[in-house]
Amino acid sequence: MFPAFTEDQLAIRDAAREFALHEIEPGAMARDHASEFPTAIIKQLGEMGFMGMNIPEAYGGAGVDYLSYILALEEIARVDASVAVTMSVNNSVACAPILNFGTEAQKQKYLRPLASGEVIGGFMLTEPNAGSDAAALKTRGTKVEGGWKLNGAKAWITNGSVGKYFIVMAITHPDKGKKGISAFVLDADQAGVIMAKPEEKMGLRSSKTVMVALEDAFVADSDLLSDYGDGLKVAFNGLDGGRIGIAAQALGIAQRALDESIAYAKTRYTFGKPIGEHQAIQTYLAEMEARVQASRLLVYKAASLKNEGLPCTLEAATAKLFTTESAVWVCDRAVQIFGGYGYSREYVVERLYRDVRVTTIYEGTSEIQRMVVARQLLK
Ligand code: CAA
């Protein structure tokens with residue numbers, strides 16, 4: 001298989017697969033139907049080192065490489081995409097920016113509890129009127145003694161109501177345009193951080209996504225990540241990794257949809273034979289397999305570059321674009337193969353179909369991925 005995985009990488013993939021099958025799968029359907037956050041599972045993932053997989057052990061993480069993380073994420077998404085997004089956001093866009101841009105003191109104070117799974121983290125970039133156009137954000141920082149008071153609204157914040165530490169982007173120097181945006185670590189356990197009721201979403205119903213109001217939320221000067229004005233760099237660097245994670249999530253969902261479809265095609269009979277013997281179903285399965293295989297190569301290629309510390313903006317965006325669009329298509333075909341049963345909440349493909357839909361939207365829409373790819377090609 002490309003790339004040639006090491007024994008350690010395969011052992012981590014297998015551990016994730018075992019945990020997903022035995023601990024996550026049993027309650028996945030019920031949690032989805034009840035919109036119940038998987039608190040105990042996330043705690044266990046923390047104990048396994050899966051909430052800070054690429055973070056050195058000295059800062060509470062597992063200290064494994066990026067490919068191992070991607071393999072684990074794919075396995076977990078195959079079973080429960082809500083658990084996968086909670087893990088992905090914590091790893092990719094909460095822990096990684098602190099590791100890459102944080103001071104030693106920030107790493108001790110914030111990274112250690114996040115990476116060990118003691119607390120959950122998230123990423124506050126998006127606002128009600130600044131989604132794809134992230135630089136249009138309006139959250140304002142006002143200088144006060146010892147730090148900044150933040151005021152504004154953040155939207156679609158994954159892990160919002162369950163998280164404690166968030167990477168937050170805000171305008172600190174309004175006369176400097178995009179270079180006036182700075183990134184901080186925000187402690188959400190304070191009166192100025194007001195979490196709304198979790199959004200009623202189509203899918204990923206057991207993960208928590210909320211609107212957040214910042215009303216004089218305090219961040220200290222020492223909570224600044226990198227320098228003043230580096231907010232977008234911190235954000236977009238985190239999203240390069242985040243996008244590979246979301247591509248891995250989509251890949252896991254698509255693989256599950258394909259597995260379910262193959263099993264069903266062997267046991268469901270029409271016109272006196274299994275539906276898998278009808279050419280119409282065979283063409284669907286073949287096309288699904290081709291898209292899943294191609295997606296896997298793109299995801300592993302982007303992850304391999306990141307593993308080596310090489311630039312991967314182009315490859316991450318390409319992997320996210322192709323894999324998420326393919327996964328939406330694969331899940332749609334799975335529902336079609338299942339027919340009426342695919343439309344029933346009793347069958348997992350119905351959940352896969354709902355869960356996969358957001359992957360072409362969050363951490364940058366497909367339209368934004370195309371923009372990122374084109375800019376890289378033309379620069
Ligand atoms: N790594 C590091 N720095 C980067 C970078 C990268 N990949 N891409 C851009 N930058 C830097 C640029 O160099 C620039 O800095 P300088 O001026 O010093 O060179 C700065 O960031 C701003 O870059 P641009 O001028 O290119 O930014 P832009 O305003 O033109 O926006 C964009 C570009 C690609 C459209 C960007 O706005 C974007 O990615 N939008 C989508 C936002 C997004 O993905 N949101 C997801 C929300 S998080 C989420 O969904 C998480 C969740 O909960 C699941």
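The structure presented is a predicted model; accordingly, all values stated were derived computationally and were not measured. For ligands, and for the atoms within them, numbers begin at 1 and follow the listed sequence.
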Give the residue, atom name and distance (to 0.1 Å) of the protein heavy atom nearest atom 20 (C) of ligand 1. L232 CB, 4.1 Å
Can you sort out which atoms of ligand 1 are near F123, meaning under 4.0 Å from one of its heavy atoms? 48 (S)
Set out, in order, the CA-CA distance, both residues' side-chain angles and the distance that settles salt bridge (charged side-chain N to carboxylate O under 4.0 Å, His left out) for R243 and E363, then state yes or no. CA-CA 6 Å; R243 286 168 181 167; E363 299 216 14; 5.9 Å; no
A cation-pi test, strictly: NZ or CZ of R333 under 6.0 Å from the centre of the six-membered ring of Y284 and no more than 45 degrees from its axis. Yes or no? yes
Sub-4.0 Å atoms of ligand 1 with respect to non-hydrogen atoms of T126: 47 (C)
In terms of side-chain geometry, is the basic nitrogen of E74 or R78 positioned less than 4.0 Å from the acidic oxygen of its partner? no
Looking at A134, which atoms of ligand 1 are within less than 4.0 Å of one of its heavy atoms? 37 (O)
Using a 3.5 Å distance criterion without hydrogens, assess whether the side chain of S92 forms a donor-acceptor pair with backbone atoms of V89. no
Number the atoms of ligand 1 from 1 as they appear, then name those within less than 4.0 Å of a heavy atom of I368, with their elements. 35 (C), 38 (C), 39 (O), 40 (N), 41 (C)
Between G245, S132, P311, A135, which one has a non-hydrogen atom sitting closest to atom 37 (O) of ligand 1? S132
Going by distance only, is there an N or O of E363 that falls short of 3.5 Å from an N or O of ligand 1? yes
Where does the angle between the aromatic ring planes of W148 and F184 fall among parallel (under 30°), tilted (30 to 60°) and perpendicular (over 60°)? tilted
More than 12 heavy atoms of other residues, nucleotides or ligands under 6.0 Å from NZ of K201: yes or no? yes
To which protein heavy atom is atom 36 (C) of ligand 1 closest, and what is the distance rounded to 0.1 Å? F236 CZ, 3.3 Å
Where on L239 is there a heavy atom closer than 4.0 Å to ligand 1, on the side chain, on the backbone, on both, or on neither? side chain
Could you tell me whether some N/O pair between D240 and ligand 1 is separated by less than 3.5 angstrom? yes
More than 12 heavy atoms from other groups under 6.0 Å of NZ on K176: no
Does the side chain of E199 come within less than 4.5 Å of V210's, by heavy atoms? no
Test item, G131 contacting ligand 1 (heavy atom, 4.0 angstrom): yes
What part of V372, side chain, backbone, both or neither, has a heavy atom within less than 4.0 angstrom of ligand 1? side chain
Is there a polar contact between ligand 1 and K179, counting only N or O atoms under 3.5 Å apart? yes
Identify which one of V93, L239, I157 satisfies the side-chain contact (heavy atoms from CB on, under 4.5 Å) criterion when paired with L125. L239
Per-atom filter on ligand 1: closer than 4.0 angstrom to a heavy atom of T158 are 52 (C), 53 (O), 54 (C)
Of the protein's non-hydrogen atoms, which lies at the shortest distance from atom 29 (O) of ligand 1, and what is that distance? K178 NZ, 3.0 Å
Which protein heavy atom lies closest to atom 15 (O) of ligand 1, and at what distance to 0.1 Å? K233 CE, 3.9 Å
Heavy atom of T313, distance to ligand 1 below 4.0 Å: yes
Does the protein put a heavy atom under 4.0 Å from atom 47 (C) of ligand 1? yes
For M371, the ligand 1 atoms with a heavy-atom partner under 4.0 Å come out as 35 (C)
Can you tell which part of R243 has a heavy atom less than 4.0 Å from ligand 1: side chain, backbone, both or neither? side chain
The test is side-chain hydrogen bond (donor to acceptor under 3.5 Å, both in side chains); show your working for N151 and E215 and say whether it passes. CA-CA 5 Å; N151 284 281; E215 295 181 4; over 6 Å; no
Of the protein's non-hydrogen atoms, which lies at the shortest distance from atom 26 (O) of ligand 1, and what is that distance? R375 NH1, 2.9 Å
Counting only heavy atoms on the protein side, is anything nearer than 4.0 Å to atom 13 (O) of ligand 1? no
Angle between ring planes, Y264 versus Y347, binned at 30° and 60°: parallel, tilted or perpendicular? perpendicular
Would K164 and D187 pass as an ion pair if we require N to O under 4.0 Å? yes
Is it the case that the side chain of T324 and the backbone of K320 share a donor-acceptor pair, with hydrogens and angles ignored and the cut-off at 3.5 Å? yes
Hey, is T209 touching ligand 1 through its side chain, its backbone, both or neither, going by heavy atoms under 4.0 Å? neither
Distance to the ring centre below 6.0 angstrom and angle to the axis at most 45 degrees; does that hold for K306 and Y66? yes
